[in-house]
Number of protein chains: 2
Amino acid sequence: MTRRKESILEAAAILFARKGFNETSMSEVSKISGVAQGTIFYHFKSKEGLLLAILEDLKTRVLEAFEEFYRNENFSCGLEMVEGAIAFYLDLASRLEDRFMVLHRHISYELALQNPGCRRCMEAIFDCFVDIFEQAIGQGQTDGSIVALPPKKAALILHTMVDGLVRLETYQLYEASSLYEELLELCRRMLANTVSTE
Amino acid sequence: MTRRKESILEAAAILFARKGFNETSMSEVSKISGVAQGTIFYHFKSKEGLLLAILEDLKTRVLEAFEEFYRNENFSCGLEMVEGAIAFYLDLASRLEDRFMVLHRHISYELALQNPGCRRCMEAIFDCFVDIFEQAIGQGQTDGSIVALPPKKAALILHTMVDGLVRLETYQLYEASSLYEELLELCRRMLANTVSTE
DNA sequence: AGCTTGACTGACTGATCAGTCAGTATCTAA
DNA sequence: TTAGATACTGACTGATCAGTCAGTCAAGCT
């Protein structure tokens, strides 16, 4: 990846995230990235191709972070791993704020509907997120820290909750960070196995 | 409200919901609504004014539904009222599917940032949703069916969960309706007061 | 030196779109 | 009946934008 290509990708990600895809013109991307407009079309075949490249790049980063989470995994029980997964997710969303905003834009879902490559990419990202929660719940059910419930469904709901917090932050509708402790507490109550297995 | 104006509003709501605001041209709105393009600008001062009118109309409908919910309120305890509120929200989102999709579009939040009237409208809708949950939680804490926790924060998280389910349905990422029972169960565990108050 | 190639440039184009406007039709009330 | 108001029309305009293309430039090879 040349430096030029990277700076186009970075500028486009920021603009698509903050202004939106259709609200951003290629001449703006060229201005912000400091690259001539023609150069963008030399590296990316179209505006949509540029969006796809941003999503592919995000997929790579998410999968890397995902693997790191498992490598450093060191939780005393599944319930604690769920808490770790929530913290991991929120940390990732904050570090990759602009990329998550692009991911949350409708345009990405619309592109996924008409472009199989994009759909595979979006699914990989989404599956990765849900997987973390599902693994943690599965482990918790094995070690007895989490109550019996369908792991996949609970993982989807968990992801929805945590991602909702990220959305609240994005839209600045509420001081979302102040909800973090509450969210953890509610998730614990939601999942914790209160019946002793001994 | 003339019949012409209504059909413009209806067509625009459907198009803005399914295709997006910037992806919909005024000539499409005119074609679908069966009204000349000039007529749209006779009734609405601009394309953004049309979006604002859709949101104002939604606000009216939501506030009406909200009042009806309270009128028919007949729950044995606060926890049951929370369940009723979740059912109410999902039913409303399904009946007003297209309007909710418009509400979920970034463009609505962006318009709210630059147009105070739009912001007041969006806040009224949002507050109304969170209020239902907050009232229910408050009642549950009074009657002892719901555990002690900050009602506003818990209401925000509840809304996030239920709205997340609506989003899953919109994006067709998962057979979301199959999550309904699970969601109810998790919310019950999350909020239920397990300590006897007697 | 001469040749090739990949990176890069920015002026240009055809298409699209929001919004305008001059004019027509329909209604209403005196 | 008619004058004025309100509702409606669709061709038109100026602006914007994605994408193109003819050509420059520098690095590497022979």
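Just so you know, these numbers come straight off a predicted model, no measurement behind them. Naming: A, B, ... by sequence-line order, numbering from 1 per chain.
Ring to ring, A:His106 and B:Tyr171 are close: their centroids are under 6.0 angstrom apart. When ring centroids are compared, A:Phe129 and A:Phe88 stay outside the 6.0 Å threshold.
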Practice prompt. Using a 4.0 Å heavy-atom cut-off, write out nucleotides 18-25 of chain C from 5' to 3' as B (base contacted by protein), S (sugar-phosphate only) or - (no contact).
Written response: BBB-----
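The interatomic distance linking A:Ile40 (CD1) with C:dG10 (C1') rounds to 12 Å, in whole Å.
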Between protein and nucleotides 5-8 of chain D, what N or O pairs are separated by less than 3.5 Å?
{"residue": "D:dA7", "atom": "OP2", "partner": "B:Tyr42", "partner atom": "OH", "Å": "2.5"}
{"residue": "D:dC8", "atom": "OP1", "partner": "B:Arg4", "partner atom": "NH1", "Å": "2.9"}
{"residue": "D:dC8", "atom": "OP2", "partner": "B:His43", "partner atom": "NE2", "Å": "2.6"}
{"residue": "D:dC8", "atom": "O5'", "partner": "B:Arg4", "partner atom": "NH1", "Å": "3.4"}

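Ion pair A:Arg189/A:Glu185 not flagged as a salt bridge, since none of the NZ, NE, NH1 or NH2 atoms sits closer than 4.0 Å to an Asp/Glu carboxylate oxygen. The existence of a salt bridge linking B:Asp163 and A:Arg167 is excluded, since no basic side-chain nitrogen approaches an acidic carboxylate oxygen closer than 4.0 Å.
Judged by distance alone, the side chains of A:Thr24 and A:Glu28 never bring a donor and an acceptor atom under 3.5 Å apart.
Side-chain atoms of A:Thr39 do not come within 3.5 Å of backbone N or O of A:Val35 as any donor-acceptor pair.
For the pairing with B:Tyr89, the ring pair (Phe, Tyr, Trp, His ring centres under 6.0 Å) check across B:Tyr180, B:Phe69, B:Phe100 returns one residue only, B:Phe100.
Judged by a 6.0 Å distance limit and a 45° cone about the ring axis, B:Lys5 is positioned over the six-membered ring of B:Phe44.
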